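Heads up, the thing below is written out as structure tokens.
These numbers come from a predicted model, not from an experiment.
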Amino acid sequence: MRYDLVIFDNDGVLVDSEPISNRLLAAYLTEIGHPTSYEDSIRDYMGSAMHRVHDLVRERTGRRLPVDFDDVFHGRVFAAFERELEPVVGAVDVLEKLAADGVPYCVASSGSHERIRVGHRKTGLDRWFDDGRIFSSQDVGRGKPAPDLFLYAAERMGVAPERCAVVEDSPLGVQAAVAAGMDVFGFTAMTPAARLVGATRLFSDMGELPRLLM
């Protein structure tokens, strides 16, 4: 393995949550008077922290979202996770391979700690991620595309940025990894390759990842 740390994004990379959360986000925004399609949500918000939703809506409409927006949205998402969420196909095999080879890994997600843990418990991925391997945009001042979260994760794991590989499926995440000075492997299962500009390598099947990391 040519890296000392593999940093995974969570939504869309480890858990197949992006279709669920973007469907619900588009529906909720539309419900409260901000017409948004599923495709709009994927384009504008996939891979971002919640503050981006607030910022873009205010920028575009001049109106603030309701004060309880995040709580209502997360309640809907967590309920849907309990019904529908599954791990990304092949993710468990990758984690098993890294663990067997003794390669350090962690998750660095735009989602909250609660969202990460809810998803991991539902999918069984919690066995692979103790508290010391979980990092959230809540831990830093700026979410992706700023490099802060990835740099924070690397620092906490004791690895220099240039020795890290990031696995991402969103344009914002790729930008953040590049800004952090890390190699980034763009997962194109859901995101068109053309949107992951700057990725070191692109791949569409999680089974390909271990070979690419060698």
K144/D9 under salt bridge (charged side-chain N to carboxylate O under 4.0 Å, His left out): CA gap, chis, key distance, verdict: CA-CA 11 Å; K144 304 168 187 177; D9 175 45; 3.1 Å; yes

State, yes or no, whether a side-chain contact exists between [X] and [Y] at a heavy-atom distance under 4.5 Å.
X: I32; Y: P66; value: yes
X: V57; Y: R63; value: no
X: V167; Y: F203; value: yes
X: V103; Y: Y3; value: no
X: L5; Y: C106; value: yes
X: M190; Y: I42; value: yes
X: H34; Y: T61; value: yes

Taking [X] first and then [Y], would you say they form a salt bridge - that is, a charged N and a carboxylate O separated by under 4.0 Å?
X: D11; Y: R115; answer: yes
X: R64; Y: D55; answer: no
X: K97; Y: D101; answer: yes

Check against side-chain contact (heavy atoms from CB on, under 4.5 Å), F8 and L125: CA-CA 13 Å; F8 291 94; L125 293 182; over 6 Å; no

Joint cluster assignment, [X] & [Y], ILVMFWY side-chain distance < 4.5 Å:
X: L98; Y: V107; result: yes
X: V15; Y: F73; result: yes
X: L212; Y: V88; result: yes
X: L213; Y: F150; result: no
X: V6; Y: W128; result: yes

Backbone of [Y] reached by a side-chain donor or acceptor of [X] within 3.5 Å:
X: R133; Y: Y105; answer: yes
X: T188; Y: A193; answer: no
X: S137; Y: S110; answer: yes
X: T200; Y: V184; answer: yes
X: Q138; Y: H113; answer: yes
X: Y38; Y: L25; answer: no
X: R163; Y: R2; answer: yes

Under 3.5 Å side-chain donor-acceptor pair for R58 and H54: no

Distance alone, cut at 3.5 Å: any donor-acceptor contact between the side chains of S41 and N22?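 The criterion, which ignores hydrogens and geometry beyond distance, is satisfied for N22 and S41.
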
Steps toward side-chain contact (heavy atoms from CB on, under 4.5 Å) verdict (H51, R142): CA-CA 9 Å; H51 67 77; R142 300 181 298 168; 5.9 Å; no

Test salt bridge (charged side-chain N to carboxylate O under 4.0 Å, His left out) on D44 and R60; report intermediate values, then the result. CA-CA 12 Å; D44 293 340; R60 291 169 174 174; 2.9 Å; yes

F135 ring center within less than 6.0 Å of Y152 ring center: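 Between Y152 and F135, the centre distance is under 6.0 Å.
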
Starting at [atom1] of [X], measure out to [atom2] of [Y] and round the result to the nearest 0.5 Å.
X: D205; Y: L209; atom1: CG; atom2: CG; result: 10.0 Å
X: D148; Y: E155; atom1: CG; atom2: CD; result: 11.5 Å
X: L196; Y: F185; atom1: CG; atom2: CZ; result: 13.5 Å
X: D93; Y: L95; atom1: CG; atom2: CG; result: 9.0 Å
X: M46; Y: E39; atom1: CE; atom2: CD; result: 13.0 Å
X: T36; Y: Y28; atom1: OG1; atom2: OH; result: 12.5 Å

Measure across [X] and [Y] and return the closest heavy-atom pair with its distance rounded to 0.1 Å.
X: V94; Y: P210; answer: CG2-CD, 4.0 Å
X: L151; Y: A180; answer: CD2-O, 3.7 Å
X: S136; Y: I116; answer: CB-CD1, 4.1 Å
X: V159; Y: C164; answer: CG1-SG, 3.7 Å
X: G111; Y: S109; answer: N-OG, 2.9 Å
X: A80; Y: L24; answer: CB-CD1, 3.7 Å

Might you work through the side-chain contact (heavy atoms from CB on, under 4.5 Å) test for L29 and L65, ending with a clear yes or no? CA-CA 9 Å; L29 286 171; L65 290 172; 3.9 Å; yes

Holding to side chain to side chain contact (heavy atoms under 4.5 Å, CB included), I want the full list of residues that pass it with V118, two or more places apart in sequence or in another chain. F78, F81, E82, E114, R121

Give the intermediate values and the outcome of salt bridge (charged side-chain N to carboxylate O under 4.0 Å, His left out) for residues E18 and R23. CA-CA 8 Å; E18 293 290 8; R23 182 186 78 229; over 6 Å; no

side-chain contact (heavy atoms from CB on, under 4.5 Å) between M50 and F69, worked out: CA-CA 10 Å; M50 285 302 294; F69 180 87; 3.6 Å; yes

With sequence neighbours left out, what residues match D70 under salt bridge (charged side-chain N to carboxylate O under 4.0 Å, His left out)?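 Result, salt bridge (charged side-chain N to carboxylate O under 4.0 Å, His left out) vs D70: none returned.
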
